[in-house]
Enquirer: 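Questions regarding the structure given below will be posed in turn.
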Amino acid sequence: MPQHNLPIPQIAHLLGVPEENLRALMVERDGSQGDPTLVGLTVAEAARRIGIGRTKMYEYVSSGEIPSVKIGSLRRIPAEAVNEFLARRLSAGDFVAAA
């Protein structure tokens with residue numbers, strides 16, 4: 001289990017949940033959200049942010065729909081490019097209301 005400098009028993013008590021449940025949730029979620037302060041995302045991180053697969057994200061990057069930059073041998077997608085992509089898709093009518 002990862003080490004956290006948090007008073008887990010006190011936090012669990014304040015939240016009104018069993019300590020074991022809080023610890024299990026922390027283990028389950030540890031690292032799964034990535035660092036929200038990153039400005040350059042990997043293809044996998046960008047794909048995860050909008051809930052698509054890496055292959056589909058690579059298609060968008062290759063077509064130029066989502067801009068990216070090569071830094072050495074690494075490909076990075078600006079974090080704001082993900083939001084801009086979704087905004088363009090929304091304005092293009094790709095999202096429709098459920099019936």
Enquirer: Take Glu65 and Arg89 through the test salt bridge (charged side-chain N to carboxylate O under 4.0 Å, His left out) and record every step on the way to the result.
Expert: CA-CA 10 Å; Glu65 277 193 77; Arg89 298 298 288 243; 3.2 Å; yes
Enquirer: With sequence neighbours excluded, give me every salt bridge (charged side-chain N to carboxylate O under 4.0 Å, His left out) pair touching residues 53-64.
Expert: Lys56-Glu59
Enquirer: Rounded to the nearest 0.5 Å, how far does CD1 of Ile71 lie from CZ of Arg76?
Expert: 7.0 Å
Enquirer: Work out which heavy atom in Gly53 is nearest to a heavy atom in Ala47; give both atom names and the distance.
Expert: O-CB, 3.7 Å
Enquirer: Quick check: is Ile52 connected to Tyr58 through a chain of hydrophobic side chains (ILVMFWY, heavy atoms under 4.5 Å apart)?
Expert: yes
Enquirer: Roughly how far apart are Ile77 CD1 and Arg49 CZ, rounded to 0.5 Å?
Expert: 10.5 Å
Enquirer: Nearest 0.5 Å, what's the OH-OG1 distance between Tyr60 and Thr55?
Expert: 12.0 Å
Enquirer: If the condition is side-chain hydrogen bond (donor to acceptor under 3.5 Å, both in side chains), which residues does Arg75 pass it with, not counting sequence neighbours?
Expert: Ser68
Enquirer: Return the minimal non-hydrogen interatomic distance between Leu41 and Ala79, and the atom names on each side.
Expert: CD1-CA, 3.9 Å
